[in-house]
Amino acid sequence: MKTISENRAFGGVQGVYTHDSAATGTPMTFGLYLPPQAEAGPVPLVWFLSGLTCTHENAMVKSGAQAHAARHGLAVVFPDTSPRGAGVADDPAYDLGQGAGFYVDATEAPWAPHFAMWRYVSEDLPRLLFNAFPLDEERQAVTGHSMGGHGALTLAMRFPGRFRSASAFAPIAHPTASDWGRRQFAAYLGADESAWAPHDSTLLMREAGFRGEVLIDQGAKDQFLDLLKPEALAGAMAARRQPGAFRMQAGYDHSYFFVATFIGDHIAFHAGHLGA
């Protein structure tokens, strides 16, 4: 692991690091905020998974998470959204290829050699984080925005017991029924739609739900509502009687202004479940 930068922020440290990933076979970059409480020992960890076109930097710089995390004594990790580099497959479209890993392990050419973002965020990066930093592996929560909200919810439901709470901002809620999902899953995972289902939070919610509480915020003026399909996830939560809340926020769109407005609620929500 190599340190790119470390900056003092709200009494803690916002770092940026690179490492060679066994999952993707490429160098990967991530941001990690350690609150001042980390100087005294391991602290709980919140994962923030970002959306289409993003790197590790977008949420790290724009969400405003650090001030809230410092107040509650939480670390926040900001992974990248895909492998990158000259030898990594890409596509001219913004919603496929580099910047659009969709948190799946690709099985199809030309994506399979490097696009293993599911394994990266569920195995590779956690192994590094808990070995290298003062983080409490028993106290984790996960959140994300848009494509990252899809990733956060699917991780939470497919790893029962790993995350004490889960939340999302405007998640791609039903990708197997959306152009933000069907096109990418076909490219990465092939034509067999049975391979897509484990990466659809609406289907996972219908099947098993999440063992803890969830918090979903969705902007009512989001320009991508037809692609996100929030009504499908809300219906699945209601049918399963999933503990938590799905909030439609009047007047808000899909931007990081929306995320920054409600990030304090999400950090406090996770802090309550992490005992912070």
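Heads up: numbering here begins at 1 and tracks the sequence. All values derive from a computational prediction rather than experimental measurement.
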| request: Drop me the distance from F48's CZ to N58's CG, to the nearest 0.5 angstrom. | output: 9.5 Å
| field | Student check: side-chain heavy atoms of T18 and M1 closer than 4.5 Å | value | no
| message | If you apply the rule side-chain contact (heavy atoms from CB on, under 4.5 Å), what do you find for R71 with F10, and how did you get there? | response | CA-CA 9 Å; R71 187 176 307 117; F10 302 100; over 6 Å; no
| request: Fit a plane to each ring of H19 and Y120, take the angle between them on a 0 to 90° scale, and name the class: parallel (under 30°), tilted (30 to 60°) or perpendicular (over 60°). | output: parallel
| query | Under 30°, 30 to 60°, or over 60°: which ring-plane class applies to W118 and F159, parallel, tilted or perpendicular? | reply | parallel
| query | Taking C-beta and beyond as the side chain, do S122 and R162 meet within less than 4.5 Å on heavy atoms? | reply | yes
| said: I need the single residue from T29, T3, L32 that forms a side-chain contact (heavy atoms from CB on, under 4.5 Å) with V16. Which is it? | reply: T29
| message | I'd like to know whether CG of N131 has more than 12 heavy-atom contacts from other residues, nucleotides or ligands below 6.0 angstrom. | response | yes
| said: Any non-hydrogen side-chain atom of L96 less than 4.5 Å from a side-chain atom of F102? | reply: no
| task | Could you check whether the rings of Y256 and H145 sit parallel, tilted or perpendicular, using 30° and 60° as the cut-offs? | result | perpendicular
| message | side-chain contact (heavy atoms from CB on, under 4.5 Å), that's the test. Do S167 and I216 meet it? Break it down for me. | response | CA-CA 6 Å; S167 73; I216 312 295; 5.9 Å; no
| Least distance between heavy atoms, T26 atom then P83 atom | OG1-CB, 3.8 Å
| said: Could you check whether any side-chain N or O of Y33 sits under 3.5 Å from a backbone N or O of A9, counting only pairs where one atom can act as donor and the other as acceptor? | reply: yes
| field | Considering all heavy atoms, the nearest I263-F169 contact | value | CD1-CZ, 3.8 Å
| query | Can you tell me how far the CD1 atom of I267 sits from the CG atom of L74, to the nearest 0.5 Å? | reply | 6.0 Å
| Of the non-hydrogen atoms in A236 and T202, which two are nearest, and what is the gap between them? | CB-O, 3.9 Å
| said: So that I can tick it off, tell me whether R164 and E138 are bridged by a salt bridge, with the cut-off set at under 4.0 angstrom between side-chain N and carboxylate O. | reply: no
| field | L203 CG to T176 OG1 distance, which is reported to the nearest 0.5 Å | value | 4.5 Å
| query | Any chance CD of Q223 has more than 12 other-residue heavy atoms, nucleotides or ligands included, within less than 6.0 Å? | reply | yes
| query | Do you know the tightest heavy-atom contact between A152 and L49? | reply | N-CD1, 3.6 Å
| Under a 4.0 Å N-O cut-off, is there an ion pair linking R247 with D217? | yes
| message | Between L153 and L204, does the side-chain contact (heavy atoms from CB on, under 4.5 Å) criterion hold? Intermediate values first, please. | response | CA-CA 9 Å; L153 295 174; L204 292 172; over 6 Å; no
| said: Please find the pair of heavy atoms, one from H56 and one from F78, that lie closest to each other, and give the distance. | reply: CB-O, 3.2 Å
| So do V88 and T24 actually touch side chain to side chain, heavy atoms under 4.5 Å? | no
| task | State whether a side-chain donor-acceptor pair under 3.5 Å links H199 with T154. | result | no
| task | Starting from the C-alpha separation in whole Å, work towards a yes-or-no answer on side-chain contact (heavy atoms from CB on, under 4.5 Å) for L52 and W180. | result | CA-CA 10 Å; L52 287 168; W180 272 358; 3.6 Å; yes
| field | Heavy-atom check, side chain of Q218 versus side chain of L233, under 4.5 Å | value | no
| Do Y252 and F262 have their ring centres less than 6.0 Å from each other? | yes
| request: Determine whether L125 and L135 fall in the same hydrophobic cluster, where Ile, Leu, Val, Met, Phe, Trp and Tyr are linked whenever their side-chain heavy atoms lie under 4.5 Å apart. | output: yes
| query | Roughly how far, to the nearest 0.5 Å, is the CZ atom of R119 from the OG atom of S21? | reply | 7.5 Å
| message | Any heavy-atom pair between the side chains of Y17 and L128 that's under 4.5 Å? | response | no
| With no hydrogens and no angle check, is any side-chain donor or acceptor of R8 less than 3.5 Å from a backbone partner on G11? | yes
| field | Q242 side chain vs G212 backbone, donor-acceptor pair below 3.5 Å | value | yes
| Just wondering, do S165 and H270 contact through their side chains at under 4.5 Å, heavy atoms? | yes
| task | Measure the spacing between CE of M117 and OH of Y188 and express it to the nearest 0.5 Å. | result | 10.0 Å
| query | Does C54 offer a backbone N or O that forms a donor-acceptor pair with the side chain of T81 under 3.5 Å? | reply | yes
| request: Assert yes or no for the condition that the ring centre distance of H254 to F258 is strictly below 6.0 Å. | output: no
| query | Of the non-hydrogen atoms in T143 and H266, which two are nearest, and what is the gap between them? | reply | OG1-ND1, 4.0 Å
| request: Flag the pair V104 / W111 as yes when at least one side-chain heavy-atom distance between them is below 4.5 Å, and no otherwise. | output: no
| message | Rounded to the nearest 0.5 Å, what separates atom NE2 in H114 from atom CE in M28? | response | 11.5 Å
| said: Can you tell me if Y94 has over 12 outside heavy atoms packed within less than 6.0 Å of its OH? | reply: yes
